[in-house]
Structures are given as C-alpha cells and as structure tokens.
Amino acid sequence: MKSEPDTFGINDLYNKPDRTEHWDGVRNYQARNMMRDDMKLGDQVFFYHSNCDVPGIVGIMEVVKEGYPDFSAFDPDDKHFDPKSDPEHPRWIMVDVKYLRTLSRTITLKELKDKEELADFALVRRGNRLSIMPVGKDQWEFILSLE
DNA sequence: GCCAACGTTGGC
DNA sequence: GCCAACGTTGGC
C-alpha cells in the first residue's frame, strides 16, 4: 500500500492509538476491489512511501479489519467526498491496518527495479499508479531478504 | 460505444 | 517543475 509520507507516513501510523488506522480515501476501482475481495484478516502488507525523496518500502503492517464502507465518502467536507456513495449504497471500501514494524532500512524503488526476480512485480512495471497492489509470496520473501 | 479533453499520480 | 501514463468524463 502506497502513501505519501508528507500526508501519512509510517510514523503517523505508529503514533495512532493501537497503531491502527483505517485506509480511507482510495478512489480507484481496482484498488477498492483488492480491499473488498482479497485482503484478509492477518494478511501482511508492505507500507510504501511514494512521492518523496526516496520512494520505497519502509515497513510492514497487518490487516486487522476486512473491507467495509469508507465513510469519508459520505462527508461533504471531506477531501474524498463522493456524492455517488451513500451509507445505503457505499461505493468505496477500506480496510483497517495495524503497524507491525519498520524495516531496518528503506528498500528503495530503485533497487526493486534492478532485480530480475521482481520483473513481474506490479510496482516496478512501467506506468503503474495503483495505490494498492498485490505481492506474491515469493516476491514478498525475496523483498524481505534484501533488508 | 468512441474518443478527445482533462485531471491525477508519482518518478525524476 | 516536468511529463508520461493512465483513469474519468462527457459530447456526439
């Protein structure tokens, strides 16, 4: 899962009560579908810092609540308000994630791009702007072996 | 249903 | 700040 550290970085998650936060504001159907269908309780997730000096994977979190309506879409004052979504027919979904740990160093996008083993990893494929993307088991283990 | 215009993302 | 790569919107 990507987030801009200027907006919400891994330290912000760490400082939340219970080190837990709902991942609201995702307004992309592919990403929504992953939160709705694929992300299960206990699944581990990489925290990726985007749009910053050193983009890369900085930590690990865990899904502690499976997909449920993103209520930020219901609030006209919210930046992510969507008039087409309402509590009866919620259009957008979020999950809750909990901080597990910060990596001993940032595994940078640059080095991820250089690895033959990650040629199929969605993050390093050209033009991919999805804010949430799947990580295969082998990819997960390989990435962690770089730490 | 097509497609041009426009907005957003995010690396650089 | 630039710009490539998309996703969305809306006219037709």
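The sequence lines fix the lettering, A, B, ..., with proteins before strands; numbering per chain opens at 1.
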remark   = Rounded to 10°, the helix from B:dG1-C:dC12 to B:dC12-C:dG1 deviates from straight, judged by its five-pair end axes, by 10°
task = Scan residues 72-88 of chain A against DNA chain B and write down, sorted by residue number, each residue with any heavy atom closer than 4.0 Å; if none is found, say none.
result = none
Throw together a table of side-chain donor-acceptor distances under 3.5 angstrom for residues 130-143 of chain A, partners on residues two or more places apart or in other chains.
unit_1	atom_1	unit_2	atom_2	d
A:K137	NZ	A:E141	OE2	2.7
A:Q139	OE1	A:G136	N	2.8

inquiry  = Taking ring pair (Phe, Tyr, Trp, His ring centres under 6.0 Å) as the definition, give me every residue that meets it alongside A:F81, ordered by chain and number, with sequence neighbours left out.
reply    = none
task = List in chain and number order the residues that pass side chain to side chain contact (heavy atoms under 4.5 Å, CB included) with A:T102, two or more places apart in sequence or in another chain; answer none if no residue qualifies.
result = A:I10, A:Y99
message = Does anything in residues 110-129 of chain A form a ring-ring contact (aromatic ring centres under 6.0 Å, His included)? List the pairs, not counting sequence neighbours.
response = none
Pairs touching residues 37-55 of chain A that satisfy side-chain hydrogen bond (donor to acceptor under 3.5 Å, both in side chains), sequence neighbours left out = A:E4-A:N51
All side-chain hydrogen bond (donor to acceptor under 3.5 Å, both in side chains) counterparts of A:R27, not counting sequence neighbours = A:D70, A:S72
key: Partner residues of A:R125 under the salt bridge (charged side-chain N to carboxylate O under 4.0 Å, His left out) criterion, sequence neighbours left out   = none
message = Could you list the cluster mates of A:F71? Members are the ILVMFWY residues connected by side-chain heavy atoms closer than 4.5 Å, either directly or through other members.
response = A:Y68, A:F74, A:M94
query = Quick one: which of A:V54, A:L123, A:D114 gives a side-chain contact (heavy atoms from CB on, under 4.5 Å) with A:L109?
reply = A:L123
Grab the N/O contacts between the protein and nucleotides 1-11 of chain B below 3.5 Å, and write none if there aren't any.
unit_1	atom_1	unit_2	atom_2	d
B:dT8	O2	A:R129	NH1	2.5
B:dG10	OP1	A:K2	NZ	3.0
B:dG10	OP1	A:R129	O	3.1
B:dG11	OP1	A:Y48	OH	2.8
B:dG11	OP2	A:N51	N	2.8

message = Can you pull out every side-chain hydrogen bond (donor to acceptor under 3.5 Å, both in side chains) where at least one residue sits in residues 81-93 of chain A? Sequence neighbours excluded, please.
response = A:Y29-A:R91, A:D82-A:W92
